[in-house]
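Okay, structure first, notes after.
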Protein chains: 2
Amino acid sequence: MARPSSYHHGNLKEVLLEAARKLIEEHGAFGFSLTEAARLAGVSPAAPYRHFKDRDALLAEVARNGFERFAACLDTAWNNGVPTPLSAFENLGKAYLAFAREEPASYTVMFETGLAPGTEGETLPAAERAFEVLQQAAEALCRSLPEDERPPLKLVSLHLWTMAHGVATLFSKGGRAARKVPMTPEEVLESGLLIYLKGLGILPDAKEDGSG
Amino acid sequence: MARPSSYHHGNLKEVLLEAARKLIEEHGAFGFSLTEAARLAGVSPAAPYRHFKDRDALLAEVARNGFERFAACLDTAWNNGVPTPLSAFENLGKAYLAFAREEPASYTVMFETGLAPGTEGETLPAAERAFEVLQQAAEALCRSLPEDERPPLKLVSLHLWTMAHGVATLFSKGGRAARKVPMTPEEVLESGLLIYLKGLGILPDAKEDGSG
DNA sequence: CTTTGATGTAAAAGCCCTTTACATGAGTCA
DNA sequence: TGACTCATGTAAAGGGCTTTTACATCAAAG
């Protein structure tokens with residue numbers, strides 16, 4: 001498919017997205033320039049316009065594309081709640097943070113406001129799918145509660161999302177929190193979620209349990 | 001002080017910061033340009049360089065400046081935990097979200113990674129002060145626990161920060177979460193924090209209490 | 001073999017960032 | 001009053017980026 005030395009690139013769109021992620025990772029979202037991405041891909045500054053309407057469209061595609069893989073990651077990690085909802089939930093949290101760490105550029109463009117003003121107005125289908133995985137997890141976790149004690153699922157999943165996103169962003173890169181505490185993001189998220197689940201009555205209190 | 005029609009502006013630095021916040025608010029962090037900020041202030045494109053080393057330095061100052069007001073807001077809201085730690089804590093959460101809503105540009109530049117790569121490496125004193133308010137709150141809230149049940153304070157304050165920051169960013173602007181649930185950010189944060197505090201054993205379980 | 005459409009290039013207009021040399025004016029000191 | 005000085009602003013220019021337009025290349029289809 002890819003013909004590096006021919007006049008036609010053959011795989012430019014993908015290569016440009018890759019270059020964009022690399023540049024954003026290295027120089028921040030501001031440091032990204034279409035021209036430099038084109039340079040990395042070995043084409044002229046005008047070439048990207050055959051594949052993207054403009055620079056914002058490329059960023060939007062990085063986001064869309066990122067949400068696809070993100071949703072897939074979360075879905076795989078959750079694995080329909082097997083073997084147990086709790087262990088699957090732990091995997092889910094780790095997968096969330098792993099994605100944010102391994103694809104910081106994607107995560108940044110996906111979630112950080114103020115990057116592409118027009119773009120973030122629409123909610124992407126893949127973003128919905130990612131959120132639905134969290135909602136499935138919330139549902140499975142809450143199923144052990146008597147019905148009259150169950151808080152709204154959307155609310156619980158928002159709480160989960162909130163904690164995961166908060167840890168992911170506060171700890172990302174040289175993030176503000178990274179040097180404040182000698183713990184990994186995973187430990188912070190997991191401990192926070194455990195406390196939250198205790199508060200919901202899904203996990204027993206430590207003093208009652210004694211094993212944890 | 002300000003002489004709008006004279007050769008020397010008299011108040012340019014402040015006006016530029018204000019203009020930057022306004023532009024970022026309207027067009028996103030990408031939409032901000034030093035030249036346009038200068039235009040808004042009624043000066044030439046080179047004038048800002050008498051007050052800021054470069055464009056990144058202006059953004060860094062927006063962040064620094066924002067953290068100062070942010071820390072002051074949080075400190076005022078917390079009010080040393082009076083009348084009660086719990087009510088003060090509620091105020092603290094509201095103040096956090098209020099700041100993010102009222103100064104979205106500041107909040108964006110303060111917390112979003114990938115904006116000024118070099119800048120976020122250093123931790124600002126004002127940012128430390130803001131975090132210390134959260135830590136004070138965590139300490140006051142945990143004081144009612146027996147010592148052997150108290151989790152590390154830094155960890156608890158990180159959890160609190162995580163939830164507040166998560167809600168603030170997920171709900172900001174046309175944020176991804178805003179249309180997902182018919183609740184205000186304040187309601188999402190407060191309910192999440194209540195559940196978390198229950199999990200810590202600071203608040204009684206709903207079924208034991210019964211009063212909501 | 002020619003045509004055609006997708007894909008890439010070159011060139012140019014316009015904006016932005018930043019530097020450099022120069023202009024202005026307020027305050028100081030004689 | 002008058003000259004000096006320093007902070008602050010301007011004008012002009014170089015270089016980069018974005019985007020458009022006209023043209024070039026090449027693969028595939030007829």
Side-chain angles (χ1 to χ4, degrees), chain A residues 1-24 26-63 105 109 114-119, chain B residues 1-24 26-63 105 109 114-119:
Chain A
M1 284 291 166
R3 290 275 178 68
S5 59
S6 71
Y7 185 92
H8 284 62
H9 190 289
N11 198 24
L12 186 53
K13 188 170 182 178
E14 269 312 312
V15 172
L16 284 173
L17 290 173
E18 185 75 22
R21 283 190 289 261
K22 180 180 172 187
L23 289 174
I24 291 172
E26 286 174 0
H27 311 303
F30 263 131
F32 161 71
S33 95
L34 209 47
T35 297
E36 196 169 358
R39 214 157 26 223
L40 271 188
V43 296
S44 76
Y49 290 84
R50 295 295 174 194
H51 300 274
F52 304 100
K53 179 178 161 291
D54 56 19
R55 170 205 159 104
D56 279 0
L58 192 154
L59 286 178
E61 178 63 16
V62 168
V109 178
L115 293 187
T119 306
Chain B
M1 285 289 165
R3 290 275 177 68
S5 59
S6 72
Y7 186 93
H8 284 61
H9 189 289
N11 198 25
L12 186 54
K13 188 169 181 176
E14 270 310 312
V15 172
L16 284 173
L17 290 172
E18 184 75 23
R21 283 190 289 261
K22 180 181 170 186
L23 288 174
I24 291 171
E26 286 174 1
H27 311 302
F30 264 130
F32 160 70
S33 96
L34 209 48
T35 298
E36 195 169 357
R39 214 158 26 222
L40 271 186
V43 295
S44 76
Y49 290 84
R50 295 297 174 193
H51 300 275
F52 304 98
K53 179 178 162 293
D54 57 17
R55 170 206 159 105
D56 278 0
L58 192 153
L59 286 179
E61 178 62 17
V62 168
V109 178
L115 293 186
T119 306

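Remember, it's a predicted structure, so these values are computed and weren't measured experimentally. Computation of the quantities below employed the complete heavy-atom set of this structure, encompassing side-chain atoms and omitting hydrogens, waters and symmetry-equivalent molecules. Sequence lines set the chain letters: A, B, ... in the order given, protein chains first and strands last, and positions in each chain run from 1.
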Problem set entry | Residue pair E14(A), L17(A): steps toward the side chain to side chain contact (heavy atoms under 4.5 Å, CB included) verdict | CA-CA 5 Å; E14(A) 269 312 312; L17(A) 290 173; 3.9 Å; yes
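For the pair L16(B) CG and dT18(C) P, the computed distance is 14 Å after rounding to whole Å. The distance between atom CG of D54(B) and atom P of dG15(D), rounded to the nearest whole Å, is 19 Å. Straight-line distance from the CG atom of L34(A) to the P atom of dT18(D): 5 Å, rounded to whole Å. For the pair L58(B) CG and dT18(C) P, the interatomic distance rounds to 10 Å; values are reported in whole Å. For the pair Y49(A) OH and dT19(D) C1', the interatomic distance rounds to 5 Å; values are reported in whole Å. With rounding to whole Å, L59(A) atom CG is found 13 Å from dT18(D) atom C1'. With rounding to whole Å, K13(B) atom NZ is found 13 Å from dT8(D) atom C1'. To the nearest angstrom, P of dT20(D) lies 7 Å from NZ of K53(A).
For R50(A), no side-chain nitrogen or oxygen approaches OP1 or OP2 of dA6(C) to under 4.0 Å. Between H51(A) and dA6(C) there is no side-chain polar atom (N or O) within less than 4.0 angstrom of OP1 or OP2. Phosphate contact (OP1/OP2 of dC17(C), side-chain N/O of T35(B), threshold under 4.0 Å): present.
Across the interface with DNA chain D, nearest-nucleotide mapping of E36(A) and L12(B) shows L12(B) to be the residue nearer the 5′ end.
Listed nucleotides: dT10(D), dA11(C), dT8(D). Nearest to the side chain of A46(A): dA11(C).
What you find for A19(A) and A37(A) is that their closest heavy atoms are CB-O, 4.0 Å. Scanning all heavy atoms of the two residues, the minimum distance from R55(A) to A29(A) falls at NH2-O, 4.4 Å.
S33(B) comes within 4.0 angstrom of sugar-phosphate atoms only, judged by non-hydrogen atoms across all strands, and of no base.
The one candidate from T35(B), L23(B), L16(B) that meets the side chain to side chain contact (heavy atoms under 4.5 Å, CB included) condition with L40(B) is L23(B).
Looking at heavy atoms from C-beta onward, L58(B) lies in side-chain contact with F32(B) at the 4.5 angstrom threshold.
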